[in-house]
Amino acid sequence: KIGEIHMWENIAIAFILAFVVTFVTTPYTMKIAKKVGAIDIPKDERRAHKKSIPKFGGPAVILGFLISTIYLLIVMSTENTINIFGPQEYWKKLLGFLMGILVISAFCIVDDIKTIKPITKLIGQVLGAICIVVSGIRIDGITLPFLNFPEMHEITSVILTIAWIIIVTNAINLID
């Protein structure tokens with residue numbers, strides 16, 4: 001029971017750390033946005049804002065996420081609750097995850113600066129998702145009260161994981 005409480009404390013610290021890092025770095029990314037021309041100028045009634053705003057918040061969010069992930073990895077390694085180089089080869093998954101984040105982030109940053117076509121963004125998201133899936137990270141089952149697939153065929157698992165990454169990436173981009 002105490003170990004479980006400690007785990008939730010570490011997750012809470014990681015969440016707060018991600019929030020603080022994102023909050024502190026956002027003003028700097030806004031300055032960078034102005035320098036590189038990553039500004040959203042309202043051209044039609046569809047826009048929620050009436051004046052120009054920077055559209056370069058992604059790097060701050062990504063940095064917050066990466067810092068909190070590094071924190072959790074360090075804490076879990078020192079507490080021996082994870083062995084990155086052990087038989088489960090978490091290092092491969094972490095490397096694939098990082099590669100996927102970098103690929104998707106690169107396409108998003110280019111889109112913020114130059115506005116690329118939706119199909120090009122989708123290709124970037126698919127490539128990033130493939131990096132993640134190839135590293136061994138996959139949704140291999142769903143167990144919800146209303147939806148229960150504890151085991152999935154490998155192809156279904158790969159397709160579902162790629163789709164999930166693309167959906168979540170676009171949901172975050174729409175919120176941004």
Side-chain angles (χ1 to χ4, degrees), residues 11 14-15 17-26 28-33 35-40 53-77 82-86 88-144 147 149 151-176:
I11 291 171
F15 179 80
L17 187 59
F19 176 80
V20 169
V21 168
T22 302
F23 185 79
V24 169
T25 57
T26 295
Y28 297 104
T29 61
M30 291 170 68
K31 287 179 184 177
I32 293 169
K35 287 182 182 178
V36 298
I39 305 292
D40 188 21
I53 60 168
K55 57 177 183 173
F56 204 60
V61 172
I62 293 163
L63 184 62
F65 173 77
L66 289 175
I67 296 293
S68 67
T69 301
I70 291 167
Y71 164 78
L72 282 175
L73 288 171
I74 290 170
V75 168
M76 292 172 74
S77 292
I82 189 172
N83 183 356
I84 296 172
F85 300 104
Q88 288 148 333
E89 297 183 314
Y90 286 123
W91 68 271
K92 284 183 181 178
K93 293 178 180 179
L94 286 167
L95 188 61
F97 194 62
L98 181 60
M99 291 288 294
I101 289 171
L102 290 175
V103 169
I104 292 171
S105 299
F107 276 82
C108 290
I109 289 169
V110 170
D111 182 48
D112 283 348
I113 296 169
K114 299 199 182 239
T115 308
I116 57 179
K117 293 180 182 177
I119 189 70
T120 306
K121 281 195 285 190
L122 181 62
I123 290 168
Q125 293 167 2
V126 169
L127 290 173
I130 288 171
C131 289
I132 293 168
V133 168
V134 167
S135 74
I137 299 172
R138 290 195 335 244
I139 299 170
D140 56 8
I142 299 173
T143 52
L144 298 170
L147 191 64
F149 297 104
E151 294 181 27
M152 288 184 194
H153 189 275
E154 186 175 353
I155 293 172
T156 305
S157 172
V158 167
I159 291 170
L160 181 63
T161 304
I162 291 172
W164 179 255
I165 292 168
I166 291 168
I167 290 166
V168 170
T169 300
N170 284 293
I172 291 170
N173 193 36
L174 287 173
I175 292 169
D176 176 21

Residue pairs passing the salt bridge (Lys or Arg N to Asp or Glu O under 4.0 Å) test where at least one lies in [range], sequence neighbours excluded:
| range | result |
| --- | --- |
| residues 66-75 | none |
| residues 155-167 | none |
| residues 94-107 | none |

Open item on the list: Filter on ring-ring contact (aromatic ring centres under 6.0 Å, His included), then keep only pairs touching residues 94-128, sequence neighbours left out; what's left?
Closed with: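 Counting only pairs at least two positions apart or across chains, the ring-ring contact (aromatic ring centres under 6.0 Å, His included) contacts touching residues 94-128 are Phe65-Phe97.
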
Task: Set of residues satisfying side chain to side chain donor-acceptor pair (under 3.5 Å) with respect to Lys92, sequence neighbours excluded - done: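 Lys92: side chain to side chain donor-acceptor pair (under 3.5 Å) contacts with Glu89.
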
TODO: Can you sort out the partners of Tyr71 under side chain to side chain donor-acceptor pair (under 3.5 Å), two or more places apart, ordered by chain and number?
DONE: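 Counting only residues at least two positions away or on another chain, Tyr71 forms a side chain to side chain donor-acceptor pair (under 3.5 Å) with Asn10.
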
How would you list, by chain and number, every residue that makes a side-chain contact (heavy atoms from CB on, under 4.5 Å) with [X], sequence neighbours excluded?
| X | result |
| --- | --- |
| Pro54 | Met30, Ala33, Lys34, Ile39 |
| Ile82 | Leu73, Met76, Ser77, Tyr90 |
| Thr25 | Val21, Ala60, Leu63 |
| Lys117 | Ile119, Thr120 |

Open item on the list: Can you tell me if Ile155 has over 12 outside heavy atoms packed within less than 6.0 Å of its CD1?
Closed with: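 No, CD1 of Ile155 has 12 or fewer neighbouring heavy atoms, counting only those of other groups under 6.0 Å.
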
Open item on the list: I'd like to know whether CE of Met152 has more than 12 heavy-atom contacts from other residues, nucleotides or ligands below 6.0 angstrom.
Closed with: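 Check passes, neighbour count above 12.
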
Please round to the nearest 0.5 Å and tell me the distance separating atom [atom1] of [X] and atom [atom2] of [Y].
| X | Y | atom1 | atom2 | value |
| --- | --- | --- | --- | --- |
| Ile74 | Ile70 | CD1 | CD1 | 7.0 Å |
| Lys93 | Leu95 | NZ | CG | 13.5 Å |
| Ile101 | Cys108 | CD1 | SG | 11.5 Å |
| Ile32 | Ile109 | CD1 | CD1 | 9.5 Å |
| Ile172 | Ile104 | CD1 | CD1 | 9.5 Å |
| Thr26 | Tyr28 | OG1 | OH | 11.0 Å |

Which heavy atom of [X] sits nearest a heavy atom of [Y], and at what distance?
| X | Y | value |
| --- | --- | --- |
| Thr22 | Gly64 | OG1-CA, 3.6 Å |
| Thr29 | Gly57 | OG1-CA, 4.4 Å |
| Leu17 | Ser68 | CD2-CA, 4.2 Å |
| Asp112 | Phe56 | OD2-CA, 3.8 Å |

Task: pair Leu160-Ile142: side-chain heavy atoms closer than 4.5 Å - done: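 A side-chain contact under 4.5 Å exists here.
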
Cut-off 3.5 Å, no hydrogens considered: what does the side-chain donor-acceptor table look like for residues 121-133, sequence neighbours left out?
{"residue": "Lys121", "atom": "NZ", "partner": "Asp111", "partner atom": "OD2", "Å": "3.3"}
{"residue": "Gln125", "atom": "OE1", "partner": "Asn170", "partner atom": "ND2", "Å": "2.9"}
{"residue": "Gln125", "atom": "NE2", "partner": "Asn170", "partner atom": "OD1", "Å": "3.4"}

TODO: Scan residues 131-142 for pairs that pass side chain to side chain donor-acceptor pair (under 3.5 Å), counting only residues two or more places apart or in two chains.
DONE: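 Listed once each, the pairs are Arg138-Ser157.
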
